[in-house]
Every structure is written in C-alpha cells, then in structure tokens.
Amino acid sequence: MNINDPVNISGLTVRFGSRTAVDRLSLEVPKGSTTGLVGESGSGKSTLARAVAGLLPCRGTVTGVAPGRVQMVFQDPSSSLDPRMSIGDAIAEGTRVPRARRAAEVGRLLELVALPAGYAGKYPRELSGGQCQRVAIARALAAGPELLIADEITSALDVSVQGAVLNLLRELRGELGLTMLFISHNLAVVRYVCDAVAVMRHGRLVESGPVQDVIGAPRHAYTRALLDAVPRLSPAASDTERVRRVR
Amino acid sequence: MRRLPRNPAGLLGAGIVALLVLLALFGPPLWADAAARINPREISQGSSAAHLLGTDALGRDLLARTLTATRLTLGLALLATLIGTATGILLGTLPQVLPRRAGRAVIAAVDLLVAFPALLLAMFTAVVAGLDAQGAVLGIGAALAPAFARLTHTMTASVAGADYIAAARMLGVPRHRVLTRHVLPNIAEPLILNTAQAMGGALLGLSAMSFLGMGVQAPAYDWGRLLNEAFGHVYVTPSAVVAPALAVTLAGLGFMLLGDSFARAAAHTRAPAGGPAAAPAAVPAPDEPAPDTVLEVRDLTVAFPGGTTPVRQVSLTVRAGEILGLVGESGSGKSMTAAAIGQLVPHPGRTGSARIRLGGVDLDGLTASERRRLLGSSLAMVFQDPTSALNPALRVGGQLAEVATLHGGATRTEARDRAVERLDRVRIRHPADTARRHPHELSGGMRQRAVIAMGLMNTPRLIIADEPTTALDVTVQREVLRVLREAVDETRAGALFISHDIAVVGEVCDRIAVMYAGRVVEELPAGALHQARHPYTRALVGSLPDMDTDRSRPLTTIPGRQPAPGDVGEGCAFADRCALATARCATRPELRTRTGTHSVACWEVK
C-alpha cells in the first residue's frame, strides 16, 4: 500500500435490522485533501462516518487507511469530552509518546489548536463550546490519524465561534497535510472548507466531484434543490430578488 | 458527596445513621457483659427500674442486648450490601466488556432475576448456602444484586452512547479501560446514592431472615434474632418485642431517608442565591406608535435573582405585514425577549417594561385573565421543536380545532373545517387526511407547518417564531420560511422571527434587530446587512461563509466571548472584543438613529 494512495471506500453497506442506512456506497478521498459529505438528516452521512471509523459493523471495504488510524470529531461539544477527565488526560489518551514526554506533547497539541498549554489541567465544564471542539480536534490529532472525520463539528456552535473553528481546520490541513472527510448539512460551509463534495441521499451517493464543479454546475436535481435552499446573504441580491427567493 | 442533605427528613436520616454507627462502635464494650449476664431469678420479666425493657427467657437485660446487637446487625447488613452492590455492578458492566452475544445473555439473566421476588431469592440462596448468618448475608446479597445490575446496566448504556466513549474506542483504548476510566466515574454518584438505600433494605431483609430463624443462630444475636426469641412470649411479656422491633424500624427508616435525600440532592441543582429579583423599574414612554403597529415594546427588561439580567431595556416595534428578525448568539437574550412578550418568563424571573402593547392594547393594564384571553386569541407562537408543541396522543386536526373552539368561540364542525383549511394554507398536501393523523406520522417540516397552521387558527395579530427552522434540513427550512412569509402577507399579522442564523434572518425578514448581551445593538433593513455599521454585526456577517465567500481568505473571527447575563458591565458590552474600542466605550452608547431606518449603538462608527 502506497502512502499516497487515496482512502478508498467501496461497496460499503450498513443495515439496522431491515433498514439499509448506507447502500453499497463507494467514495474516494485523496490524501491531503478534504472531501465534503452533504445531505439531509437521515441520508446516512453520520452512519457512513461511524462505519468508516470502525464504530459500526458494516459490509464493504475501506482501503488506503490502516485500521485504527481513523479519528473522528463529533457534533456535540458537551458530549464529546468525558466530564470527569481533565483536558490534558483526554488528549494524552490518544498520544503514542512515552509517559515522560506526554505533558510536552499535550502542550504542543493544545497550542496547535490555538489553546494555551495551561488548559491541560482544566475540565470540560470550564470551557466554552468552541474550546471543547478544539480539544476534541487535538485529541483526534494526538493519534496521528491517516483520516480525520469531522461530523457536523460546527453545527452546535455560534456563528462567530464556527468561523474560528473552520479557520483552524483550514490551517491544520495546510500545516499537517490532513486527509479529511468533512460532514455537514451546510453547503456554504462545505464549499468554504472542502476540495471535493459528495452528495448523499437515502444512503446512496447522488453526485460527487470537485467543489467548483458540483456547486458551479450541479448535475443531479437533488443537488440543485439543496443549492437553491441555501440562505444567501449576498451583496448582489437586491431587495426584490431576496424576497422573490422566499416567496 | 458534594452536597449534604439540608431538608428535615435528610437531617433526621443522617442523625439516625450517625447514632447507629456510634452504637455499633461503642455498644458492645459498654453493654456486652450486661447483655450476656444470665439471671435465673429474673426470667421473662416486664419493664422495671433495673431492666427498662424487661428481660428474656434467661433473665438477660433486653435493652443491653438490643444495644449490643447493633454492631452485628449493622455489620451483617453492610456485608450483604457490599456483596449485593459489587455483584450487581460486576454483572451490570459485564455486557460492556464481553462479546455481544455473551453480553446479551447476561442482560437476559439479570432481567429474569429482577422479575423474582427479592426475599424469595434471598431465602433460596440462604437455604442452599446454609441456615446461619453467612447464608443470610449471601442470600440478601444475592437478592440485592439483580436490581443493582439492572441500574448499572441502564446507566452504563446511556453513558456508552456518549461521543467521548466512541472517541476513546477510536483511540484504541481497551474496553476494560474504557469501563474503568470513562464509564464508572460517570455513573459513580447515582450508584453510591443507591447503596445507602440498599443498606436499609439489606438491614430489613436480614432482620426478617433472622426472625424467621434462617439467619443468625444462638448464641449470637442480632435484632431479628431477638425478635424471634421474644416472639414466643409476646403474650406474656409484650415489651420484649418493642426494643428490637423499634431498632429495626428506626434503622431501616434512617438509611432510606438518607439515601432518598442524597438522591434528591443529586437530582436538583441548588436554587440560585439571593432574594427574589425586584421588578425592573422603567419610565413610561410618552411617544405614540404608528397606527399599524401590532407590537410595541418599550424598555423591556427581564431579571433573575442573583443579578442575572438576560434582557436589558429592549425596545421593538413590529408593524402589520412585517417580519422583524431578532438575531444574536446563544445567551444574547433573544429567546427571553420573546418569552417576555408571550408572558412566559420562567419562575423566578421578573419582567418590567415601560410598555408592551399587542394590537394597540396595553398588556400591563389588563387583569391576568384578560391578558390570557388576549394572548390566546391574538398571539401565535412557533418554537424550535415542533414535536413538543403538539400532543403526541391527539390527532393533528383535533388539536388545531381545539384552539378555535377555546379562544375563537367556534362550533366543533366549524373548527374542524377551519383546521383543514389552515393546513391547506401552509401547503400541506392532502390536508383532510393529515388532520386525521397523529403528530408522529408527519415529517419534521410538516409538523412545523402544522404548528404554524395552529397559530393561524384564530386570526393572530402577532406571530412569534423562535428558531422555527433550526432543527430542519435546508430544503425543508426553505418551505417553512415560505409558509411563514405567505401567512404574514395574507393575514397582515406581524411576526417576530428569532434566529441565530443571520443568513436565514436576512432572507425572510424585512427588518433586523441584532442583540448582544441583552441589548439591541443595531437595527436595520434586512437588505442593508452588508452595510451594517456596528462592529459586532459586521463581524457576524463576516464570520458566516456563504456561497460567495472568498475561499482563499480566512473567515472573520471575534476574539473572546459574549459576557454571561450576570457579568455585563456598565459600558459597551462588546468593547472587550472590539477592534475599534476607545476610552469612550466605558460609557454605554445608546441606540441612535443614523438614517431613517438604521439605528446603531456605537460611539466609534458614523
């Protein structure tokens, strides 16, 4: 297996009883790039992510990433950190450095996500939602992931905090050459963060390709419907145009 | 334990338990000799000066025996509790470590045991283990274990669903370590609380076993054994039963009360300190509003005890056929503003305003019942979660019709027809069919539209929509926004649309009021968002990526965070985070009109 081989998901199927949540889905995530996964709730985005992360039993294959080298950051900052564990301990759990160097490594990771190294002794309840998400990102990075899955990581955050977390992800991608699967229901956010987009519906992929192609010239009717529904705040839109869009 | 019980029952429980522990420690050295002294001349006597509670069949002092027995009774109960809880916790956590099938088998076995009467289980185990103290302790332990296993398993399962457990699994933390590091610490508190109650149960159970002759055997004695011995002479010396019976009752009560109050203390957070909030004072507003104003709010303030003031002197005006957007981040006070207008501020919050007028009627001038009637007929509220706004047990049509019969005085047939008509108006296909369905049969978007239809049953003057589309998909959101817009256009009601999403607000609203730390900092036409002047509004707009954002540039961010409703200072609340802030910002800038429809509260922008 070449290190530059893309992460290749092929024929992935997840069933819950008689319901098929993800249906023979195939997707390629090139190394060092970010692929966005969009779709409505219930389309199977999060199920796919959990299956790729090894948290759900599934059929199909995932190649290009060693088992156990997938890390995930979740939507809800309040549930993604153990309330009884300090930030430093949470991050240290994933590191693979000797005990003696652990404190230094935790400090390095905290600084990487733009938090003071002194936060290691704090507990999740002392942090804001955005800070918790940064810690969750640091914990995921501690394990040196070959694939990082971000599952709606800014949906529970306020707008001003969302911006900072998105900026951080972009910086990290540049610095560390991260390979990322970025799941969101917000197409504007996906457009801003990702290089490629895959659109899911009813457990299947309806369209995928480079961001500018999918968003600039969508081929599938569902992609077009999604794009039309994005609330726009553009200076070009005049008052009448804006109101017409809603009416 | 962080919180000690403060209620009288809890204090009583704690007192009884403390007394019992003291007795267990010092009882035997003080009274063991007296309790063992056989006196053939004073057999089976009643109460006397020498023997307060009389003597038993061998002439031994019953009070001394009861006091001395505390140690054995408590010790055995403690042992049984430990066995029961340890076994229960082990059984309850086993499914987390075992392979899936084995785990299921354990759960099934536990469920089966829970269905067994506990005392029967205890006796069965005791018969197998031997009819002595050891057997009884094992029996009671076995009887306690299933309930504890069930509790542990339920709590473990809920914690196991948390994302941090998934994260730990992905990091390769072994399952038994996940259990000891992440799961057990998070369920420890309720387990400890239940142990206190289990101790009471174990004590009663053991006493029952000894009383039945299946527990402690002579010459050893616990309270149950004393009862057993005294019961034979209950018609001769009834007082002999009193002491051990009283001791058992008291101890059982003590542990139960203590456990109960621990559980209650853990479940409830402490009420905020400080006395009730004073009703915020406000000066009457002199100016008269425009004639088509449906909502006029002047200097609305909401305060909670302890200095928390989530809404500070907010003034808003909504005209007929207009949607006013109220936008802000969590904690800005936008939802509390809506709650205050709907008279829904939760206890112990206090609302004060110079004026709240709904459709030209002053709410402050009405009696409580008049106000309720006015709000019921002319205010419609739509919340974020449509599921909780509809009663799951009733059909949609019936719920809508009820609004019309209750507040509009319509007959039942009229109301039903109107419900179908309103469902049709919010673009629900097959409205007559939908009216016959239950809420759970509808999709999220349909449910939210049904709630809007419910609001339109009477002709409302004002619709308050609090994050109505936050829980919905974008395509569904578009539909709901359109329905709201149409409803406002057709009925000429006014609407207050509350959202954290400035893009959504910009799209559906006519005017926008931006809230920060409890105050409106800018009010502007929706089309002018890109000409926003307040540094906070500008940052909000800049931090939101839209379909035209330059992908090569980082998003605007705001350093720091919004002050909590209790820590808002005297000056401009945004000053700490503002690049333009100067010394002047130590004094709070008032919201001032800059051009016809554009008001800004900032010293530094024109």
Side-chain angles (χ1 to χ4, degrees), chain A residues 40-41 50 53-55 68 70-72 74-76 79-85 90 93-94 128 130 136 139-140 142-143 158-164 166-167 170-171 185-189 191-193 215 225-239 242-243 245-247, chain B residues 161-173 181-182 185-186 188 329-331 444 472-478 481-482 485-486 489 500-508 510 525-527 529-530 536 539-549 551 554-559 561-562:
Chain A
E40 61 197 5
S41 46
R50 283 179 177 260
L55 293 173
V70 182
Q71 292 301 324
M72 203 162 156
F74 300 91
Q75 172 173 358
D76 182 3
S79 130
S80 68
L81 297 174
D82 185 342
R84 306 272 169 152
M85 196 181 249
E93 208 167 36
S128 68
R139 177 181 56 190
D158 271 320
V159 185
S160 65
V161 184
Q162 162 180 293
L166 294 180
N167 283 346
R170 281 165 49 101
E171 281 162 29
H185 66 279
N186 187 331
L187 262 172
V189 169
R191 175 189 164 276
Y192 182 72
V193 175
I215 286 177
L226 269 186
L227 277 168
D228 273 346
V230 177
R232 260 162 239 242
L233 227 181
S234 95
S238 70
D239 239 23
R242 188 177 55 77
V243 171
R245 278 169 48 77
V246 173
R247 279 176 188 173
Chain B
D163 291 335
Y164 57 83
I165 304 287
R169 278 174 62 193
M170 280 186 298
L171 290 172
V173 181
R181 292 182 69 177
H182 293 290
N186 282 300
E329 296 182 278
S330 44
L472 305 175
D473 284 316
V474 269
T475 44
V476 183
Q477 163 170 294
R478 165 57 46 90
L481 293 182
R482 181 189 297 173
R485 182 79 245 181
E486 284 173 355
D489 287 350
H500 69 285
D501 191 333
I502 201 165
V504 169
V505 169
E507 208 170 71
V508 73
D510 300 291
L529 263 180
H530 276 279
Y536 176 64
L540 267 191
V541 172
S543 63
L544 183 81
D546 66 10
M547 298 311 276
D548 309 294
T549 306
R551 295 180 58 205
L555 298 166
T556 312
T557 58
I558 314 173
R561 57 166 124 169
Q562 179 174 250

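A, B, ... follow the sequence lines: proteins, then strands. Residue 1 opens every chain. A quick note: this is a predicted structure, and the numbers were derived from the prediction, not measured.
- No side-chain donor-acceptor contact under 3.5 Å links B/Q477 and A/H185.
- Between the NE2 atom of B/H182 and the CG atom of A/L81 there is a distance of 10.0 Å, given to the nearest 0.5 Å.
- Nearest heavy atoms, B/N186 versus A/P83: OD1-CG, 3.2 Å.
- The choice from B/P559, B/S330, B/G172 that makes the most heavy-atom pairs within less than 4.5 Å of chain A is B/S330.
- Note that CG of B/L544 and CG of A/L166 are 10.0 Å apart. Values are rounded to the nearest 0.5 Å.
- Proximity of A/R170 to B/L555: side-chain heavy atoms (C-beta onward) are nowhere separated by under 4.5 Å.
- A donor-acceptor contact shorter than 3.5 Å is absent between the side chain of B/D163 and the backbone of A/S79.
- Considering all non-hydrogen atoms of both residues, B/M547 and A/L227 come closest at CE-CD2, 3.4 Å.
- When all heavy atoms are compared, the tightest approach of B/M170 to A/F74 is CE-CZ, 3.9 Å.
- Heavy atoms of A/V189 lying under 4.5 Å from chain B belong to its backbone as well as its side chain.
- Checking side-chain atoms of B/R561 against main-chain N and O of A/V161 turns up no donor-acceptor pair under 3.5 Å.
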Does the side chain to side chain contact (heavy atoms under 4.5 Å, CB included) test come out yes or no for B/V474 and A/L187, once each step is laid out? CA-CA 9 Å; B/V474 269; A/L187 262 172; over 6 Å; no
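- In terms of the ring-ring contact (aromatic ring centres under 6.0 Å, His included) criterion, residue partners of B/Y536 (sequence neighbours excluded) are, by chain and number, B/Y516, B/F574.
- The nearest pair of heavy atoms linking B/T475 to A/A225 is CG2-O, 3.9 Å.
- B/R478 approaches A/V230 most closely through the heavy-atom pair NH2-O, 4.1 Å.
- Contacts of A/D82 with chain B are made by both backbone and side-chain atoms, with heavy-atom separations under 4.5 Å.
- The contact between B/V504 and chain A is made by backbone and side chain atoms together, counting heavy-atom distances below 4.5 Å.
- Heavy atoms only, all atoms of each residue included: A/A188 and B/P545 are closest at CB-O, 3.2 Å.
- Counting heavy-atom pairs under 4.5 Å between each of A/E40, A/M72, A/E93, A/Q162 and chain B puts A/E93 at the top.
- For the side chain to side chain donor-acceptor pair (under 3.5 Å) test, no residue two or more places apart in sequence or in another chain qualifies with B/Q562.
- The shortest side-chain heavy-atom distance between A/R139 and B/Y164 falls under the 4.5 Å cut-off.
- Within the 4.5 angstrom heavy-atom criterion, atoms from both the backbone and the side chain of B/A166 approach chain A.
- Residues B/D501 and A/V159 are not in side-chain contact: their nearest non-hydrogen atoms beyond the backbone lie 4.5 Å or more apart.
- Counting heavy-atom pairs closer than 4.5 Å to chain B, the top residue among A/R50, A/Q71, A/Q75 is A/Q71.
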